[in-house]
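Remarks on the structure that follows.
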Amino acid sequence: MYGKSEDREDYQRTPRPLAAMARDLPDGHVIPEHSHRRAQLIYGSAGAITVTTPEGTWVAPPQRAVWIPSGVMHSMRTSGEVPMRTLYIEPGARANLPASCTVITVTPLLRELLLAATRLPIEYNPRDREGRIMELLLDEFEPLAVEPLQLPLPREDVLLRVCRRVIDQPELVWTTAEAAKYAHMSERTFARHFVTEVGCTFGRWRQQARLLAAIEMLARGEPIARVSVQLSYDSPSAFSAMFRRCLGTPPSQYFGSCQREAVS
C-alpha cells in the first residue's frame, strides 16, 4: 500500500530507527509463527487482531495495539476485515520500550501518527517533517493501563494442553474438577499448579478465554444471541452482563465505542 513493500523483511534492514507498513487483511487471515529482529507494534483500525506467543494471547480491538519485543516468536490472526498498520522499531530506539508483550492504549494522537507514518517512505528524511513525525511517534508511545485483553499460558505441557483445548473449544464450561480430570491430575494438584504457572485460578482464566473469544466473534459481526449460544451462556442477557462487568461496556456498544475512541 502507498507504493511501499508489504514484505516485513524490507522493514528490518532500513538504517532508520522506525519503519511503518500498511496492509489490509481479510477476516480470518493467519500469519504463521515467526519473529523479527526489530520490535513490532501491531494496530488495526477495524476488526480485531489476536497475537499468540509461547507466553500467552493478546487481543486488540481498534483502540488498542499489541507490542511485541524483538526476537519474540508470535503468530497473528484477524477477526473481521482489518486495516493493519504496523511499526518496526529498532531495539534501543527509546529507553522505556516494554521488555515483554503487552496491549497498549492507542490515543487519538498516536493513531494519527501511526496512520501518517505508514504513508512515509521506508527511508524517510530524518531532518524534515518526516523525521519529526517519527520522533513524535516514539515520544508518544507509552504503555497505558488497559482493560484485561490478554490470556496468559502455562509452560507445563499438561496444563498447556488443557488451555489449548479451552481456547479451541470456548463453548466448554469446564469446572476445575473437569479440567483436572482431563489433565489426569487430582483437583487439588491441578488447582495449585495452575495458579503457580498462570497466576490466577482456572475458573478466572476460563472466563477470560471466553471473553477474548467473544471479542473475536463480535469483531466478525456475529450477533450477540449467536455469541452467547456459542459460548454456552444461559442467555444473551447473562452474556451481556458478564461482558459489561469485565469491560465496562455492553457488547452491543463495544465496537461502536472502539471506533468512536479511535477517530475522536
Of all heavy-atom pairs linking Tyr43 and Pro62, the shortest is CE1-O, 2.9 Å
In this structure, SG of Cys163 is separated from CZ of Phe202 (nearest 0.5 Å) by 7.0 Å
Test side chain to side chain contact (heavy atoms under 4.5 Å, CB included), reference Gln40, set Leu87, Val51, Thr86, output is Thr86
Practice task
Taking the side chain as every heavy atom from C-beta outward, state whether Tyr11 and Lys4 have any atom pair closer than 4.5 Å.
Solution key: yes
Plane angle bin for Tyr182 and Trp174 - parallel if under 30°, tilted between 30 and 60°, otherwise perpendicular = tilted
Rounding to 0.5 Å, atoms CZ (Arg23) and CG (Asp7) come to a distance of 9.0 Å
Heavy atoms of Ser75 and Pro32 approach each other most closely as CB-C, 4.0 Å
Taking every heavy atom of Cys246 against every heavy atom of Gln207, the minimum-distance pair comes out as SG-NE2, 3.4 Å
Carefully, step by step, assess Ile42 and Ile68 under the rule side chain to side chain contact (heavy atoms under 4.5 Å, CB included). CA-CA 8 Å; Ile42 304 176; Ile68 305 168; 3.6 Å; yes
Counting C-beta onward and ignoring hydrogens, is there a side-chain heavy-atom pair between Leu138 and Ile89 closer than 4.5 Å? yes
ask   = Could you walk me through whether Val59 and Leu211 pass the side chain to side chain contact (heavy atoms under 4.5 Å, CB included) check?
value = CA-CA 10 Å; Val59 175; Leu211 176 64; over 6 Å; no
| task | Could you please spell out the steps behind the side chain to side chain contact (heavy atoms under 4.5 Å, CB included) verdict for Arg164 and Leu153? | result | CA-CA 9 Å; Arg164 292 294 186 195; Leu153 293 174; 3.6 Å; yes
- Do Gln208 side-chain atoms and Gln150 backbone N/O form a donor-acceptor pair below 3.5 Å? yes
message = Under the criterion salt bridge (Lys or Arg N to Asp or Glu O under 4.0 Å), I'd like the reasoning laid out for Glu9 against Arg37: C-alpha separation, chi angles, the key distance, then a yes or no.
response = CA-CA 9 Å; Glu9 292 305 315; Arg37 188 187 68 78; over 6 Å; no
- Can Asp24 and Arg85 be counted as an ion pair, charged N to O under 4.0 angstrom? yes
Do the non-hydrogen side-chain atoms of Trp205 and Leu151 ever get within less than 4.5 Å of each other? yes
**OP:** State whether the number of non-hydrogen atoms from other residues, nucleotides or ligands found under 6.0 Å of Arg204 atom CZ is greater than 12.
**Re:** no
Heavy-atom closest pair (Leu18 atom, Met134 atom, distance to 0.1 Å) is CD2-SD, 3.5 Å
Shortest non-hydrogen pair, Leu218 vs Pro251, comes out as CD1-CB, 3.8 Å
Please examine the side chains of Met242 and Arg210, heavy atoms only from C-beta on, and report whether any two atoms are closer than 4.5 Å. no
The reported gap from OG in Ser237 to CZ in Arg244 (rounded to nearest 0.5 angstrom) is 13.0 Å
(message) Measuring only between side-chain heavy atoms, which start at C-beta, is Pro121 closer than 4.5 Å to Glu130?
(response) yes
| query | Got a sec: does the CD of Glu81 have more than 12 other heavy atoms crowding it under 6.0 Å? | reply | no
Using atom types as modelled, flag every donor-acceptor pair under 3.5 Å from a side chain in residues 154-162 to any protein atom, sequence neighbours excluded.
unit_1, atom_1, unit_2, atom_2, d
Arg155, NH2, Glu55, OE2, 2.6

Checklist entry - Is there a donor-acceptor pair closer than 3.5 Å between any side-chain N or O of Thr14 and the backbone N or O of Glu123? => result no
Separation between OG1 (Thr50) and CG (Leu212), nearest 0.5 Å, reads 7.5 Å
Interatomic distance, CD1@Ile31 vs CZ@Arg8, rounded to 0.5 Å, equals 6.5 Å
Nearest heavy-atom approach of Val82 to Ala48 is CG2-O, 3.7 Å
**Study point:** Within one Ile-Leu-Val-Met-Phe-Trp-Tyr cluster: Leu120 and Leu109, side-chain cutoff 4.5 Å
**Key:** yes
request  = Answer whether the closest heavy-atom distance between the side chains of Leu41 and Ile104 falls below 4.5 Å.
outcome  = yes
Practice item. Answer yes or no: is there a side-chain heavy-atom contact under 4.5 Å between Met84 and His29? Key: no
Can you confirm whether Asp234 is buried at CG, in the sense that more than 12 heavy atoms of other residues, nucleotides or ligands lie under 6.0 Å from that atom? no
The ring pair (Phe, Tyr, Trp, His ring centres under 6.0 Å) partners of His36 (sequence neighbours excluded) come to His34, His74, Tyr88
Using atom types as modelled and distance alone, determine if a side-chain donor or acceptor of Arg16 lies under 3.5 Å from a backbone N or O of Tyr124. yes
Rounded to the nearest 0.5 Å, the OG1 atom of Thr107 sits from the CD atom of Glu140 at a distance of 4.0 Å
Next item on the list: Please determine if Glu187 and Lys181 form a salt bridge, counting it only when a charged side-chain N lies under 4.0 Å from a carboxylate O.
Entry: no
- Item | Check against side chain to side chain contact (heavy atoms under 4.5 Å, CB included), Glu90 and Arg38 | CA-CA 5 Å; Glu90 187 68 18; Arg38 290 186 164 202; 2.8 Å; yes
- Message: If hydrophobic clusters are built from ILVMFWY residues whose side chains come within less than 4.5 Å, do Leu115 and Ile133 share one?
- Response: no
Sorted by chain and residue number, the side chain to side chain donor-acceptor pair (under 3.5 Å) partners of Glu222 (sequence neighbours excluded) come out as Arg220
Original post:
Any side-chain heavy atom of Ile49 within less than 4.5 Å of one from Trp58?
Top reply: no
Above 12 or not: heavy atoms from other molecules or residues under 6.0 Å from CZ of Arg127?
no
* Does CZ belonging to Arg165 count more than 12 external heavy atoms closer than 6.0 Å? -> yes
